[in-house]
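So the structure is just underneath, and the comments pick up after that.
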Amino acid sequence: MKVVIVGGVAGGASAAARIRRLDENAEIKIFERTGYVSYANCGLPYYVGGVITDFDELTLQSPEGFKTRFNVDVKVKHEVAAVRPEQKTVTVKNLETGECFEESYDKLILSPGAKATVPPFPGVDSDRIFTLRTVEDTVKVKKYIEEEHPESCVVAGGGFIGLEMAENLAGLGIEVTIVQMTSHLMNNVDKDIAALIHNRFKEAGVEVMNDSAVEGFQTVPGCVITQLEGGSGIPSDFVVMAIGVTPETTLAKEAGIECGLRGSIVVNDRMETSVPDIYAVGDAVEVVNRTTGKKDVISLAGPANKQGRIAADNICGRDSHFKGSAGSSVFKLFDMTVASTGITSDTADALGIDYDRLIVSPSSHADYYPGSETMTIKVLFEKDTLRILGAQIAGYAEVEKVIDIIATAQFAGLKVTDLKDLDLAYAPPYSSAKAAVNMIGFVAENIVTGVVKQFHWDELPRLMDKDVFLLDARTPEEYAEGHVPGFVNIPVDELRGRMNEIPKDKTLYIMCQSGIRSYIANRIMCQNGYDCFNFSGGYRFYNIVNNGYNGALAAFSCGKER
């Protein structure tokens, strides 16, 4: 059996190694158009920033290493120009010599990945404008920084690559401005959780410009000007274009292979395309979103590697199936970690899912043990079924552990209330007796059973116009340091003795710092005949969101922008 693989990064390289482990006699050839194979796309920003200092660490394997260990013939700087399914051949061009030749196959795996999205903006071809998708891209940016010593940069785009580049460039002392077309950075988290990202960038001196669309570029002596809609411009020494990626599917389309969402290659759960003996994996393929059950394009390394293995299994006579992707992800932002899995509120709203949400702010481990850090966790769950729709976390410790547990629970089909029963490891340096994941389950159970009713940060403007009683259950000292206008301060520990100050004929909305004391106050008042609501996330969360959008809470009502 002869297997030809187009593309030698995550999916293609994984497929090649797996085929060899299953079939020692297979002839395996990889054609990769860049000069490198099996390289770490996700590590590229960290090489630019000097966190990864050894260039060789970016490549997990070399053509020589593949040959020695796996007996796989790897040809770099070789581009597959055409696929001919009827003849079962591909046309290959040697990019160094210009020579073209035909290569036959029994099985073909397409792993072309995705290319950086670069709209045809005026002036985008400037030599001061860079993308970051390949090792060669990285070398160009690194060389420019080392030789030109730039002082400023505009990063166009607020996704993974854009934010990781912004962090690394700021770490080099470069003044960075992030320009994002939408209302907040990172579309895999909601606006409120994104506020923590905005705040952390502000603390690091990085300017974030949301709702700002790039129109073009103008290169003038000494700098490039990023022109925005509305006529304003931002001068900088250079620009990094990171507005997204586009599936690289030209080969598939020209070969008559069915393509779908955003031009991606349609595959079944065995990674088979619409053409016999041709498989496709990685960023170029359309997959099933495990949460929504709908088609999606999820460009992440984890799914790509799994898909390569699955394609290899099926080529070698096994029966493997890709079970979809929840889009679980994590990224570093200076000393903060941000992670997510599943869908956001925006997606749930767009799909018409009837869901609820909760915010908890647990500690990373026992508070009495040194080094404990607070994390902010948002969880979405479907009201009828209680299935977990998604989770988003920002914090400084244990974030990736918690998101992985939630992603596992979601995969296993656990209800959000089942999280309270998970038996998780505990010792003071590592967790709490009531682990963060258990706390999610406890809060969800209280909501579902009616023990507590919630209200959220985006409902506050509406409450200001109602005849209600707003109660802040924190200490006078906390209240004096900052509070939401209109809230009356009665500390929870004084509440039983001051109940006469609160009219019983008004609905009571209670807030504290994190949601715990207000929950206690809620239970006290409910059992004394009051109709109560507890503020989800507490004043701490309100303050984060408000600061993250420069006081923009006034523009919100019931979750919708006015």
Side-chain angles (χ1 to χ4, degrees), residues 1-20 23 26-39 61-64 66-67 70-116 118 133-137 245-260 262-267 271-286 304 307-308 311-312 314-316:
M1 177 176 65
K2 181 178 179 180
V3 182
V4 169
I5 301 173
V6 180
V9 192
S14 295
R18 177 66 171 172
I19 292 169
R20 177 56 71 225
D23 187 345
E27 181 183 355
I28 308 169
K29 288 182 179 286
I30 296 177
F31 293 108
E32 167 59 44
R33 63 185 168 191
T34 73
Y36 302 88
V37 66
S38 190
Y39 59 84
Q61 265 291 1
S62 65
E64 297 76 21
F66 254 114
K67 185 66 177 176
F70 297 108
N71 192 24
V72 171
D73 188 12
V74 178
K75 299 293 185 183
V76 295
K77 296 186 179 178
H78 280 65
E79 181 174 20
V80 174
V83 176
R84 308 184 193 286
E86 300 81 7
Q87 292 81 28
K88 298 189 79 168
T89 63
V90 295
T91 301
V92 185
K93 182 178 182 180
N94 184 326
L95 298 178
E96 292 184 304
T97 66
E99 172 198 3
C100 290
F101 59 92
E102 297 294 307
E103 189 77 41
S104 64
Y105 66 84
D106 296 311
K107 305 286 184 181
L108 177 66
I109 300 176
L110 299 178
S111 182
K115 59 186 176 182
V118 182
R133 187 66 186 170
T134 67
V135 174
E136 286 87 349
D137 293 338
V245 295
T246 303
E248 181 56 88
T249 57
T250 303
L251 272 180
K253 291 174 183 175
E254 292 177 351
I257 296 171
E258 182 184 355
C259 292
R262 289 170 49 196
S264 57
I265 302 170
V266 173
V267 293
M271 309 315 299
E272 296 169 321
T273 70
S274 60
V275 175
D277 297 323
I278 299 181
Y279 296 74
V281 301
D283 293 352
V285 305
E286 179 184 87
Q307 292 160 14
N314 292 314
I315 284 172
C316 293

Please find the pair of heavy atoms, one from G256 and one from S274, that lie closest to each other, and give the distance.
O-OG, 4.2 Å
Quick one, T249 and L110 - any side-chain contact, counting heavy atoms below 4.5 Å?
no
Closer than 3.5 angstrom, by distance alone: can the side chain of T89 be matched with the main-chain N or O of E102 as a donor-acceptor pair?
no
Test: K88 and D277 ion pair at under 4.0 Å
yes
What is the distance from atom CZ of F66 to atom CD of E64, rounded to the nearest 0.5 Å?
11.5 Å
Compare all side-chain heavy atoms of V4 with those of I109 and state whether any distance is below 4.5 angstrom.
no
Any R84 side-chain heavy atom under 4.5 Å of V90 side chain
no
Under a 4.5 Å cut-off applied to non-hydrogen side-chain atoms, are I28 and D73 in contact?
no
Apply side chain to side chain contact (heavy atoms under 4.5 Å, CB included) to residues K107 and Y279 and explain how you reach the verdict.
CA-CA 8 Å; K107 305 286 184 181; Y279 296 74; 4.3 Å; yes
Distance in Å, K67 NZ paired with S62 OG, rounded so as to fall on 0.5 Å steps
13.0 Å
Heavy-atom closest pair, residues G35 and E136
N-OE2, 2.7 Å
With heavy-atom distances below 4.5 Å as the criterion, would you say the side chains of T91 and V80 are in contact?
no
Gap between atom NE2 of H78 and atom NZ of K29 - 0.5 Å precision
9.5 Å
Do E248 and R33 meet the salt-bridge criterion of a basic N to acidic O distance under 4.0 Å?
yes
Work out which heavy atom in A26 is nearest to a heavy atom in I19; give both atom names and the distance.
CB-CG2, 4.1 Å
Enter the distance from Q61:CD to F70:CZ here, rounded to the nearest 0.5 Å.
6.0 Å
Using only atom types and a distance under 3.5 Å, with no angle test, would you say the side chain of S14 pairs donor to acceptor with the backbone of A10?
yes
Has the side chain of E286 got a donor or acceptor atom that lies under 3.5 Å from a matching backbone atom of V266?
no
May I ask you to decide whether D283 forms a salt bridge with R133, counting only side-chain N to carboxylate O separations under 4.0 Å?
yes
Please report the closest heavy-atom contact between V245 and R262, naming both atoms and the distance.
O-NH2, 3.0 Å
Taking all non-hydrogen atoms of both residues, which atom of G12 and which atom of I30 are closest, and how far apart?
O-CD1, 4.4 Å
Step by step, would you call E32 with V9 a side chain to side chain contact (heavy atoms under 4.5 Å, CB included)?
CA-CA 8 Å; E32 167 59 44; V9 192; 4.0 Å; yes
Taking the side chain as everything from C-beta on, heavy atoms only, tell me whether M271 gets closer than 4.5 Å to N314.
no
Given side chains that start at C-beta, do those of I265 and T273 come closer than 4.5 Å, heavy atoms only?
yes
Approximate separation, where rounding is to 0.5 Å, of E27 CD and Y105 OH
14.5 Å
For a side chain to side chain contact (heavy atoms under 4.5 Å, CB included) check, start with the C-alpha distance between R18 and C316, then their side-chain angles and the critical distance, and finish with the verdict.
CA-CA 9 Å; R18 177 66 171 172; C316 293; over 6 Å; no
Assess whether a salt bridge exists between E96 and K77, defined as any Lys/Arg side-chain N lying under 4.0 Å from an Asp/Glu carboxylate O.
yes
Evaluate the side-chain proximity of V83 to I278: yes if any heavy-atom separation is below 4.5 Å, no if none is.
yes
Does S38 use its side chain to pair, donor to acceptor, with the backbone of A13 at less than 3.5 Å?
no
Walk me through whether V76 and T34 qualify under side chain to side chain contact (heavy atoms under 4.5 Å, CB included).
CA-CA 6 Å; V76 295; T34 73; 6.0 Å; no
If I compare all heavy atoms of I5 with all of G7, which pair ends up nearest, and what's the gap?
CG2-O, 3.4 Å
Do E103 and K2 meet the salt-bridge criterion of a basic N to acidic O distance under 4.0 Å?
yes
